[in-house]
Each structure stands twice: as structure tokens, then as C-alpha cells.
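Each remark here refers to the structure printed beneath this line.
Nothing here was measured: the structure is a model prediction, and the numbers come from that model. Atoms within each ligand, like the ligands themselves, are counted from 1 in listed order. Throughout, numbering of the chain's residues begins at 1 and tracks the sequence.
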Amino acid sequence: MEEQQHDLVVIGSGPGGYVAAIRAAQLGLDVACIEKVPELGGTCLRVGCIPSKALLEASERYHEAKTSFKKIGIKVQGVELDLQGMLRHKDRTVKGLTAGVAYLFDKNKVRRYQGHGRIEGPGTVIVDGDERARIRARHIVIATGSEVAGLPGVEMDGDRIGGSTEALSYPEVPGHLVVIGAGYIGLELGSVWRRLGSKVTVLEYLDRILPGMDLETAKLAQKTFKKQGLKFELGARVTGARVEGDSEENKHCIVEVDGKDPIACDRVLLAVGRRPYTDDLGLESVGIELDGRGRIPVDGHFRAADGVFAIGDVIAGPMLAHKAEDEGIACVEGIACGYGHVNYEAIPGVVYTHPEIASVGKTEEQLKEAGTEYRKGKFPFAANGRAKALGQTEGQVKILADAATDRVLGVHVIGPRAGDLIAEVTVAIEFGASSEDIARSSHAHPTLAEVVKEAALAVDGRAIHN
Ligand code: FAD
Ligand code: AMP
């Protein structure tokens, strides 16, 4: 077996791993990255953020062309879905970006190994696959990410009953799609297939959608999704799902729900969360024990054991690509320079439905539970000139500010381009800004961002246009 030596080896090339590798190389370390599949970029680029957004954008355009162009004076005829073409657009988008990571590795002289990485002991990782090597490195960064969580009784056959990866590539538009779980993945992919013509039923165990998000915003979202034709069954605990039928023609799925009639459908998307992925990683060789939820415990510097670090979905915190990237940078800056930091109070979360939903900081429920006195400013997109011009007036911006200091504590947006609007308030929270700071900053007219400014003015009861 080939013996190799590097300063730092990263296991996994998702947004956590590849960003950590590039940053470490920028800081002058000799870096290797081990990835078991041929393409670089991890869940996010291959089967997560990027392909789902490609389908969300394309399906929304199709839906708009069919339903809302006429409202703005455009007549279109013969609009047709070319599903294979849409799937090709998604695949091209993914290919371009995964190739882009390979280019960045070359540019930064990150040595890529293709194979499964397993820690053999302190300072040693074995690569097992197309390449076989024993790598010695002072620092090991684990960035092995996560995989779809299963549900007892749900028999995933990797086709009719599958997770998000299958739902990114259905070969035909399902007549009836049942989505289990009303988190962001279920709602995004449920929206894609609804727009393309499926009947979509979302089964959710809790009495609300988007658990963890601001409740008022989640309720507004549910109303909007209902208008779009998504059918919700809340308080529905799924206890099983199976494929029935012996030929392609009569194959269908049966979903069992506690205390209710079983539901027959064409396909099932299981979206009840993701679990950290640490299979065959050799953690025991360096004395790492997983926590009760299968995550690698780390200290404030992402250290899991002497010389071993972990970042991204495989550790605690929101399973988001930008959180993994920020941790990757902080982790290797800590290794190379002695200091690295992630502000977990200022990590935005976005649901890329239509309209988008975006949040940063505390929810009203969290502030109430902590007994924090706060003031609230809200402003609707319906009173914004740009939103009217776009013909997209649904939604609002809500800003929550500390009652005593006016510091911005949380912002919750549902509306057009909410995912882009959240950047401004994320910076505000990062800088410890007050709602007055936002209200007194000039916002270009006519932009959607003016809704943020008006919501900031509304914290003090002085919104102008409402
Ligand atoms: P991953 O991206 O999971 O990468 C881990 C990599 O490690 C994989 O490539 C895997 O093959 C490799 N690996 C694992 N074990 C080994 C081993 N032993 N040896 C070698 N290689 C190994 N997040 C967002 O922020 N925005 C979104 O819009 C968004 N949309 C999503 C949509 C879907 C459908 C899904 C499933 C996820 C989405 N996410 C989104 C979440 C996001 O993809 C993850 O949070 C992110 O990919 C985590 O990055 P990571 O680097 O920790 O791990
Ligand atoms: P997330 O963790 O954000 O991906 O969301 C997963 C969703 O699935 C949560 O809202 C869970 O409440 C929901 N969920 C988990 N188990 C079940 C179940 N057995 N039946 C229906 N919904 C479930």
C-alpha cells in the first residue's frame, strides 16, 4: 500500500470538507481530501442543495408560465413540461459545480484521494477504494456528513418508496405523491412535484409544519402551500409504508397512519430528517464515542480527540451547508492560527419554496420561553412597490428586537426572495445592530429590501407605507 504524508487530511468533500481543505491550503498547509464517490461536493452539490434548487427554479418557471404570466400581460400557448429536459438541466447544474470543486482543489494544490477513509489510529488514515493508501497527517478533519434517516415500518425500496435522492429524479410525474415529514426538504420537493402536476399529501406527526421555525411564519406558509394545492394532514404519525403489486402497471404504495385509514399512492418521499454518517470510520481507534443522536461530540475548537476534528452535519447544530462551511473555515483557522470562530446566533435558515421562507436568530417562541422582553415590527410585501410590480405580494418581514436595547434578536421573512433578504439582517445580527440601525440605513427604491427597512421602522411604530 502506498504511504503518504500530509499536514492535514480531510475525510469527506461536502461543503464542510472541501471548504476546510481549500482554506487550510490557503493557510500554507499541505492538504489531502478523501472522498469515496467520484464527484466532489458532497450531499449538497450532488443530491442536496444544488439539484433541489435547480428543480425548484425550473418547476416554478413552468408553473408561472402556465398560471401567472397572463396576470402580467403575457399570453403563452402550448406550454408543456419536458421532464427529461428539466432533469438534464439539474444534472448539468450539478456537474458544473462538482467539476468546479475539482478545479479549486487543483488550483489550491489539495491532493484528492478517491476511496473510503478510515482512521487507523492517531495521525493515520487508510484510503480504501480506487486508490489505496496509508496517509500520515498531524491533523485529521472528519466531514463525513449525513444520510437520510429511516422510519420503522417504512420499507424503502430505493424506487417507489425513497428519500430526497430518489425524489430528485422521478422518471415520471407521480399521480399521487405522499411526503412523510413537513420539514424543509419535504416541503421543497413536495412543491416541485405539485407544480409539475402531482397530487401531493404531506403527513406530519406534529400539529404544525416546519418545526423549529417561527410559528406565525410557519402558519402563514402553510396557508400559502394549501392554496397551491398541497394537502396537509397534521398530527398524522406514519407507522409503515410498503410497495404492493406485482407488475409495473399495478404497482402502488400503501402508507399506514396511526389511527387513520391507510393511504394509497404512487410514490412516497420519506423526509423525516437526516442522521450523521460515521459508518466504518474507525472512530474507536482514536477513542471517539458518538452521542445519543449518533453525532461526534466536539469541543469549542471542533476537537473530537487529540489531532482529530469534526465539522458539518456529523456534529451538533443545524444540518445546513453554510454552517458546515463556516465550521470548516473556523476549524482549520484554529489549527493553523490558533483562533477560529462560528457565531451560531447568526446562521440563517432558508426554505426555497414559493414564496421563500427565511429566518435568522431567535423565534418569538424562544424569546417567550427565555422570558426576554422584546418589541416586534412587521411589514407586508403587499405594501411594497417592487413586490406589486413583480406580482408577488404574499408574505411579510417580522423583526424582533430587545425591548431595552433595541438589539435585533431575530428576523423571520416569508415572501419573494426571502433567502436573499435574510443576508442583510444576518449581518445586522452579526454586528450587534439595533432595529434603529436598519431603519436609518438607506435602502434603494424600489426594492424588496425596503420591506426589511419598514419592518425595522415598525418596531418603533413608525412604518411609513402601512
Ligand atoms: P456532506 O455534504 O454530506 O458531505 C459528506 C461527504 O463525505 C460525502 O460526499 C460522502 O460521500 C463523504 N464521505 C462520507 N464518509 C466517507 C468516508 N469514510 N470516506 C470518504 N468519504 C466519505 N443545506 C443548505 O444549507 N441549503 C439547502 O438549500 C439545502 N438543501 C438540501 C436539500 C436536500 C435534498 C438535502 C438532502 C440536503 C440539503 N441541505 C441544504 C443540507 C446540506 O446538503 C448539508 O447540510 C451539507 O451537505 C452538509 O455538509 P457536510 O460537508 O457536513 O457533509
Ligand atoms: P426535518 O427534521 O426538518 O427534516 O423534519 C422532519 C419532520 O418529519 C418533522 O416535522 C417530524 O415531526 C416529522 N416526522 C418524524 N417522524 C414522523 C412520522 N412517523 N410520521 C410523520 N411525520 C414524522
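Around atom 42 (C) of ligand 1, the closest heavy atom drawn from Cys49, Ser164, Gly115 belongs to Cys49. With Val148, Val272, Val202 as candidates, the residue nearest to atom 14 (N) of ligand 2 on a non-hydrogen basis is Val272. The nearest non-hydrogen atom to atom 49 (O) of ligand 1, considering only Pro15, Gly12, Gly14, comes from Pro15.
A heavy-atom separation below 4.0 Å is found between Leu206 and ligand 2. Between Lys53 and ligand 1 there is a heavy-atom distance shorter than 4.0 Å. Within the structure, ligand 1 lacks Glu39 among the residues with a heavy atom less than 4.0 angstrom away. Residue contacts with ligand 1 leave out Leu40, since none of its heavy atoms falls under 4.0 Å from the ligand. Using 4.0 Å as the threshold, Tyr18 has no heavy atom nearer than that to any atom of ligand 1.
Annotation: atom 16 (C) of ligand 1 to nearest protein heavy atom, Thr144 CG2, 3.6 Å. Closest protein heavy atom to atom 3 (O) of ligand 2: Gly183 CA, 3.7 Å. Residue, atom and distance of the protein heavy atom nearest to atom 9 (C) of ligand 2 are Glu204 OE1, 3.5 Å. When only non-hydrogen protein atoms are considered, atom 8 (O) of ligand 2 lies nearest to Gly181 CA, 3.2 Å. What sits closest to atom 18 (N) of ligand 1 on the protein, heavy atoms only, is Gly117 O, 3.0 Å.
Distances between N or O atoms of Glu35 and those of ligand 1 include at least one value under 3.5 Å. Residue Tyr277 has no nitrogen or oxygen atom sitting less than 3.5 Å from a nitrogen or oxygen atom of ligand 1, judged on distance alone. Considering backbone and side-chain atoms together, Thr43 places an N or O closer than 3.5 Å to an N or O of ligand 1.
Residue Leu281 approaches ligand 1 through these ligand atoms, each under 4.0 Å from one of its heavy atoms: 18 (N). In summary, the atoms of ligand 2 found under 4.0 Å from a heavy atom of Leu203, numbered by their order in the structure, are 21 (C), 22 (N). Of all the atoms in ligand 2, the ones that sit under 4.0 Å from a non-hydrogen atom of Pro211 are 9 (C), 10 (O). Shown in contact with Arg274 at under 4.0 Å from a heavy atom are these atoms of ligand 1, numbered in order with element: 36 (C). Near Ala143, with a cut-off below 4.0 Å to any heavy atom, the atoms of ligand 1 are 5 (C), 6 (C), 7 (O). Residue-ligand proximity, Gly273 to ligand 2, at heavy-atom distances under 4.0 Å covers atoms 2 (O), 4 (O), 6 (C). In summary, the atoms of ligand 2 found under 4.0 Å from a heavy atom of Ala236, numbered by their order in the structure, are 20 (N), 21 (C). The ligand atoms of ligand 1 that sit less than 4.0 angstrom from a heavy atom of Tyr352 are 28 (O).
Side-chain contact check for Ser191 and His354: no donor-acceptor pair (N or O, by modelled atom type) lies under 3.5 Å.
Looking at Arg267, its side chain does come within 3.5 Å of a backbone N or O of Asp159 through a donor-acceptor pair.
The closest side-chain heavy-atom distance from His176 to Ile263 is below 4.5 Å.
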